[in-house]
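As the structure lists them, so they are numbered: ligands from 1, and atoms in each ligand from 1.
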Amino acid sequence: ETKKVLYFAPGPAKLARQVLMQAQKELLDYNGLGISVLEMSHRSPDFLKIIKSTETLLRQIMNIPENYKVLFLQGGGMGQFSAIPLNLLSLKKDRCADYIVTGSWSAAAAKEAENYGKVNVVNPQLDGYTGIPDSSSWSLNPSASYVYFCWNETIHGIEFDFIPDTKDVILISDMSSNFLSKPVDVSKFGLIFAGAHKNAGCAGVTIVIVREDLLGKALKECPSILNYQVQAEHSSLYNTPPTYSIYITNLVLEWMKNNGGIDGMDKLSTQKSALIYNIIDNSNGFYISSVDIQCRSRMNIPFHIGSSTGDEMLEKCFLEGASKLRMNSLEGHRFVGGLRVSLYNAVSLEDTQALAAYMKDF
Ligand code: PMP
């Protein structure tokens, strides 16, 4: 039995103990077959069962409408920064797309899309990322092929508390860091994607949920492995998919289903994040979060200690104290420094309470 660590990593992130135990149990011999999932052909009937059941579970948990394809792809979240324009820029003749830029990840997505067509950043350039500019100030282009936003900015801790209204233009969301944390009306989106390594499993697989009628419009130069139609026609088995990562996602979804499902995760996320925000808000300015209150993320909570740019000594001391209590991965992202608590689904209420108690003490 390993010593317990309280793990608040931003991703790859904590997996539920039961998921790891199940993977351990099945590592050498999956289902009495005498081989590991790691060794299994992606075209074997046993793996086909795993991928099918992963899709079925995801469809159940997220209530995904029938006219959406679920794809299990490689290339990570950033692979989608290219795949989206390559597949969808040509939905309309102007080959342009609208991007709502509220943090590093949406900024990176917009920059990548510029390689393939015209990109219109709908909001004015922000000095720092601390909130979501009022949607009445966005300059949405009605002839854009799509509008793109990042639902939860993992580095800056900014999460949309509303779904942007894009009129008749299809909406695309990067849900990498808040996927499976709350119910989503999938029918409001053309496409949703998420890397698995936060709430949905381990690194290696990227989940894409895309409306069927948007397939088959890819630019000629789109690589086949990034082409949604090609991947959909082959049920994500056009080439070798990340088999083990898909298996881990399967275990995570099974775990979710048995632990309150998406509504359970939603409730828990509100509870856990409130514990930490309460400490910050009641610290008389000792802990400082610079994010506007209405778009505070429930998944990632960046903060500073002592001043808005952080007192280096105090922050170091905080991390050392946390480490003594075996509370790990609380450093802020290298772009912004400071501290960051990530509270993905597998982080328990108890672990969050322990962290809140330490923050109060400190
Ligand atoms: N989008 C968001 C919101 C992310 O948090 C990340 C990575 N943490 C990415 C995209 C990029 O994902 P990947 O590293 O899988 O390419």
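A donor-acceptor contact closer than 3.5 angstrom is absent between the side chains of Asn67 and Asp213. A donor-acceptor pair shorter than 3.5 Å can be found between the side chains of Ser53 and Asn250. Side-chain atoms of Asn199 and Ser181 include no donor-acceptor pair closer than 3.5 Å.
By the criterion of side-chain heavy atoms lying less than 4.5 angstrom apart, applied directly or through intervening Ile, Leu, Val, Met, Phe, Trp or Tyr residues, Ile192 is not grouped with Met299; the two fall into different hydrophobic clusters.
Sorted by first and then second residue, the pairs that involve residues 74-125 and meet ring pair (Phe, Tyr, Trp, His ring centres under 6.0 Å), not counting sequence neighbours, are Tyr99-Tyr146, Tyr99-Tyr148.
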Practice problem: For the pair Tyr358 and Phe318, evaluate ring-ring contact (aromatic ring centres under 6.0 Å, His included) and give the outcome as yes or no after the intermediate values. | Solution: CA-CA 9 Å; Tyr358 168 63; Phe318 178 90; 5.0 Å; yes
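Sorted by chain and number, the heavy-atom contacts of ligand 1 below 4.0 Å come from Gly76, Gly77, Met78, Phe81, Trp105, Cys150, Asn152, Thr154, Asp174, Ser176, Ser177, His197, Lys198.
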